[in-house]
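In listed order, ligands and their atoms are each counted from 1.
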Amino acid sequence: MDLTYERKNVLKEIDEKEREAVFAYAEGYKKFLDGGKTEREAVAETVLLAEKKGFKSYELGQKIVPGDKLYYNNRGKSLFLIKAGKKELLSEGLRILVAHVDSPRLDLKQVPLYEKSDIAYLKTHYYGGIKKYQWLTVPLALHGVIVKKDGSVIDVKVGEKEDDPIFYVTDLLPHLSQEQNEKKVATAFNPEKLNIIVGALPLPEEEKDAVKKSVLSILSKLYGICEEDFLSAEIEAVPALKARDVGFDRTLVASYGHDDRVCAYPEITATLDTDTDRTVLTILADKEEIGSEGNTGMQCDLIADLIDCIAASYGLSSAVLRARSKCLSADVTAAYDPSYSDAFEEKNVAYMGKGVAMNKFTGARGKSGSNDASAEYVGFLRGIFAGDDVIWQTGELGRVDLGGGGTVAKYLANRNIDTVDLGVPVLSMHAPYELIAKADLYQAHKAFSAFVK
Ligand code: MN
Ligand code: MN
């Protein structure tokens, strides 16, 4: 037995065969990233993957029998996969995996379109915690839906194909930034300036708002919509960037939305590909970045309702089933950044490339707002991971009292389910283009697979 604890570098530790698996696995992940940049797209993409593995759509209340492979698509924005196992094993509870598929971005306002000095813009209200300046001068794509009065839904996705136009938020040139440079970063970038340029061609016959009207006429031709239709639209501006390998050795991946697709994807593959007699409930949640509110977020009663449905189908008490269930709240954590080492406490932060990271607790100012998992549950998981040679590490978001953050863990734990955060360390979290290590991604897949086995 080792007397001291040291984190292990995954790529140093694993054999040639696993190294190949690490790189091969990341290829599927990059496709998933590029195909599902919004919560709606990630849900749709996962439904396709699940259907290929024989999963069928589930109606709330429907009886579940052992062997069933089901998905419950909640309003197209959150998804529940149910793999119904043997009754004997259900006495040990459910194995629950939950990641989120919403990511920070710029959402269009409900009356977004205007023009100023012959340039047409869309106004935005940012979603989630962003550093506003990071979203300036980045190529943007528009994704989402417009719902018309008659209920018809128009899908919008523009800026992703090679020959698509992209969209753009300006920044002030350095030559004229003397006043801006004197301001604090927190206040220097007014969110009401996060306006997206969408056109500059005036309609010749129009006196007033000639560019805005020309954009509207293009939108009318493309989508059959008028300005009022934005009232019932959800359009998200996301970086028009594809996931790319980083580094001469290609060990890292940069992408939009690693938080939290880098946990959602291994959660999905672990659920779809693991042979198990256990009952597995795998969740892709929405609204995590804004507090898990609403009927697609993890504070919604739907999770309890689905557990009730499973319990009733097996003739068990829902309360007993929840009490015996175990959950991994699969969310990213901050990776140690050597360029900003002051922000971290080096003994307790997660390191990129040293495996999937467990945050026993999150929160801020004295663990406030955190699910602080029990030593017993962490000990239980250590046993599971050791059994399957999962390389994992412990992590804490950053230096005490520097900031903090939360995850959905507490919403599961509040329902009397043992829960801990386990996910992939990320550099530049919440930036338009984030960074992860393929080695950690693969260890997440191994960890989730071991958990549901
Ligand atoms: Mn997250
Ligand atoms: Mn986040």
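Side chains of Ser329 and Asp421: a donor on one and an acceptor on the other come within 3.5 Å.
The set of protein atoms (N, O or S) found at less than 2.8 Å from the Mn ion (ligand 1) reads His100 NE2, Asp259 OD1, Asp331 OD1, Asp331 OD2, by chain and number.
With hydrogens and angles ignored, the 3.5 Å screen pairs no side-chain donor or acceptor of Arg244 with any backbone N or O of Val253. With hydrogens and angles ignored, the 3.5 Å screen pairs a side-chain donor or acceptor of Thr279 with a backbone N or O of Gly85.
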Is there a side chain to side chain contact (heavy atoms under 4.5 Å, CB included) between Asn74 and Leu302 once you walk through the steps?
CA-CA 9 Å; Asn74 178 22; Leu302 179 55; 3.4 Å; yes
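Ionic pairing of Glu39 and Arg75 is not present here: no N-O contact between side-chain nitrogen and carboxylate oxygen is shorter than 4.0 angstrom. A salt bridge between Asp245 and Lys438 is present, with a side-chain N of the basic residue lying under 4.0 Å from a carboxylate O of the acidic one.
Per residue His430, closest N, O or S atom to the Mn ion (ligand 2): atom name NE2.
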